[in-house]
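Predicted, not measured: the structure shown is a model, and the values here were computed from it.
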Amino acid sequence: MTKFPYLKQDFAASLVVFLVALPLCVGVAVASGVPAELGLVTGIVGGILTGLMPGSSLQVSGPAAGLTVLVFEAVREFGLPALGVIVLAAGLLQLVTGALKLGRWFRAISVSVVEGMLAGIGLVIIAGQLYAAAGLQPPASGIDKIAGLPEALARALGSTEALASLGLGAGTIAVMVLWKRMPKRAQAVPGALAAVALATLASLSFSLPIATVEVQGLLGAIQPPGADAFGELADPAIFGTILAFALIASAESLFSAAAVDRLHTGPRTAYDKELMAQGAGNAVCGLLGALPMTAVIVRSSANVHAGAKTKASRVLHGVWLLLIAALLPSALALIPLPALAGILVHAGWKLIPFRQIVSLWREHRGEALILVVTAVAIVAVNMFEGVLIGLALSVAKTAWEASHVKLEVIDKGAGPIQAYLSGNATFLRLPKILDSLETLPQDRPIELDLSGLHHLDHACRTALENWAERHSAADTEPVRVTAP
């Protein structure tokens, strides 16, 4: 028995994951408004460092489309040098959270909120990258991106260069969509890589007037945060961004881990260890001034389906990314920006859970509403506040459903009227309880039995006591209350 019994399978899988990751690393970086090499740096750290750490054996980490919008907003507000500080602080927060064994609590976040978050991100990515596909500068906010699309289309139709750029982006999307219908041998090459390669070939062959990726070399792109960047911590607003990075990256990674566990029969994910692995990776990415990382379901599922057996496959994929970034950086300069925009539009579309929305609407309309409101809030406001709105709605819905209370009134015609309250009496149901009690006659003795309540909060207790004191007429016995 050799020391590495699955080396052949892991080696083959690593090449597949590398080919899937390469265009996505570059595309996410460009869409985030940072040098392309920084996306590769994050992919390298996610593969080699995070890949070596315990947690989940087969899921693959790197820059994710799901964090694109947040990174773009952070760079615009605080500047590129501060990005490293934000990512470093988010990574340290993940490390502390994992060390305190709080990783499992991220699994308690409502699936509707997470899917709403991804849907909102997907909409903003699609809207922003449609501008990039046409070679135009997108507006800053998500709502302005969507509102400005008709005007952008009119501008593109009046420009030959914009039409050529838009055509190349549309062609990239078409190749990715149709690639699944190609023969199995052709599908050995990932669709995203094939689309970028064909777009690059078309751009070079026809000498199209289209912008390409700007390259400054791996070492030139790495800019560790300096004293000025750490000075941004004096701005209280940056802590909301750090919290958003940590929360969203952690939730996406752990949800990805749960999904990957369903794809294979190997060792299950140790959630706290995986959270610490993500934190260590993000801390190093922050020190290098690179993009934040998260586990990515696209790369992870490609890794499993390619036959990976151990973490060696994801480590090797990081090695291949390092070799490309170090030895062939000029090859990146040939990639047309509209092709990367097309890849991101396709990725954004896949983030929108259309089937889940329809299914939830049929079975759980409250959850469907949370999903849609979260997505709309992210587009209309921003990422962090949109997620908070979704979480608040989820908590409110749970509280409302948990506060079921039943009032049963028994009136035998003679003697006292008996009223039985059972369930959970909270302030959320207080108006309904009081409306029902106040319809009881004031000239009859009433016995209010609260012994069937599982929970009675302070607001309800006070309101029921006040009702009992004032309800009876002057010549009638006072309401008699049986305590829970």
Can Arg299 and Leu24 be said to form a side chain to side chain contact (heavy atoms under 4.5 Å, CB included), step by step? CA-CA 10 Å; Arg299 274 163 254 183; Leu24 287 171; 3.9 Å; yes

Assess whether side chain to side chain contact (heavy atoms under 4.5 Å, CB included) is satisfied between Leu83 and Phe78, documenting all intermediate values. CA-CA 8 Å; Leu83 178 63; Phe78 303 107; over 6 Å; no

Test Ile370 against Val113 for side chain to side chain contact (heavy atoms under 4.5 Å, CB included), laying out the working first. CA-CA 7 Å; Ile370 290 171; Val113 174; 3.9 Å; yes

Test log, rule side chain to side chain donor-acceptor pair (under 3.5 Å), inputs Thr426 and Asp457: CA-CA 5 Å; Thr426 70; Asp457 70 11; 4.7 Å; no

Evaluate side chain to side chain contact (heavy atoms under 4.5 Å, CB included) for Phe245 paired with Leu67, printing each intermediate quantity in order. CA-CA 8 Å; Phe245 270 60; Leu67 290 174; 5.6 Å; no

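By the 4.5 Å heavy-atom criterion applied to side chains, Leu130 and Leu136 are not counted as neighbours. Ile126 has its side chain within reach of Ile352: a pair of non-hydrogen atoms, C-beta onward, lies under 4.5 Å apart. Counting heavy atoms from C-beta on, the side chains of Tyr131 and Leu149 come closer than 4.5 Å. Residues Leu337 and Thr212 fail the side-chain proximity criterion, which asks for heavy atoms closer than 4.5 Å. In this structure the side chain of Asp272 never reaches within 4.5 angstrom of the side chain of Met276, judged on heavy atoms. Ser250 is not listed as a side-chain neighbour of Gln278, based on a closest heavy-atom distance of 4.5 Å or more. Side-chain contact check for Val296 versus Val60: every heavy-atom pair is 4.5 Å or farther apart. For the pair Glu274/Gln59, a side-chain contact is recorded, criterion being any heavy-atom separation below 4.5 Å from C-beta on.
Distance check, rounded to the nearest 0.5 Å: CG of Leu322 to CG of Leu218 gives 7.0 Å. Here CG of Leu58 is found 9.0 Å from CG of Asp261. Values are rounded to the nearest 0.5 Å. A distance of 12.0 Å separates CD of Glu37 from SG of Cys25, quoted to the nearest 0.5 Å. If you take CG on Leu332 and OG1 on Thr200, they are separated by 10.0 Å, rounding to the nearest 0.5 Å. How far NE2 of His317 is from CG of Leu19: 10.5 Å, rounded to the nearest 0.5 Å. Rounded to the nearest 0.5 Å, atoms CD1 (Ile343) and NE2 (His346) are 10.0 Å apart.
Of the possible polar contacts, one joining the Thr42 side chain to the Leu291 backbone as a donor-acceptor pair under 3.5 Å is found. Between the side chain of Thr294 and the backbone N or O of Ala249 there is at least one donor-acceptor pair closer than 3.5 Å. Proximity of a side-chain donor or acceptor of Asn282 to a complementary backbone N or O of Ala90 within less than 3.5 Å is not detected. Checking side-chain atoms of Ser14 against main-chain N and O of Phe11 turns up a donor-acceptor pair under 3.5 Å. Panel note: side chain Thr68, backbone Ser32; no donor-acceptor pair is recorded below 3.5 Å. A distance-only check finds a donor-acceptor pair linking the side chain of Thr310 to the backbone of Ala312 [under 3.5 Å]. The closest donor-acceptor contact from the side chain of Asp10 to the backbone of Lys311 lies at 3.5 Å or more, if one exists at all. Between the side chain of Gln187 and the backbone N or O of Met182 there is at least one donor-acceptor pair closer than 3.5 Å. The main-chain N or O of Gly307 is never found under 3.5 Å from a side-chain atom of Gln9 such that the two would form a donor-acceptor pair. Of the possible donor and acceptor atoms, one in the side chain of Thr172 sits under 3.5 Å from a partner among the backbone N and O of Leu168.
Of all heavy-atom pairs between Ala325 and Ile44, the closest is CB-CD1, 4.4 Å. Nearest heavy atoms, Ala31 versus Phe72: O-CD1, 3.6 Å. The two residues Val213 and Ala36 have their closest heavy-atom pair at CG1-CB, 3.5 Å. Taking every heavy atom of both residues into account, Pro63 and Gly39 meet most closely at CG-O, 3.4 Å. Closest of all the heavy-atom pairs between Pro81 and Pro225 is O-CB, 3.8 Å. The two atoms that bring Leu351 and Ala65 nearest to each other are CD1-CB, 4.5 Å, heavy atoms only.
For residues 353-382, the ring-ring contact (aromatic ring centres under 6.0 Å, His included) pairs, not counting sequence neighbours, are Trp349-Phe354.
Taking Lys145 as the reference, nothing meets the salt bridge (charged side-chain N to carboxylate O under 4.0 Å, His left out) condition, with sequence neighbours excluded.
Within a 6.0 Å sphere centred on CZ of Phe427, other residues, nucleotides and ligands contribute 12 heavy atoms or fewer. Enclosure of atom NZ in Lys273 is not indicated, since only 12 or fewer non-hydrogen atoms of other residues, nucleotides or ligands lie within 6.0 angstrom. The local environment of CD in Glu151 is sparse, with at most 12 non-hydrogen atoms from other residues, nucleotides or ligands closer than 6.0 Å. Around CZ of Arg76, the count of heavy atoms belonging to other residues, nucleotides or ligands within 6.0 Å exceeds 12.
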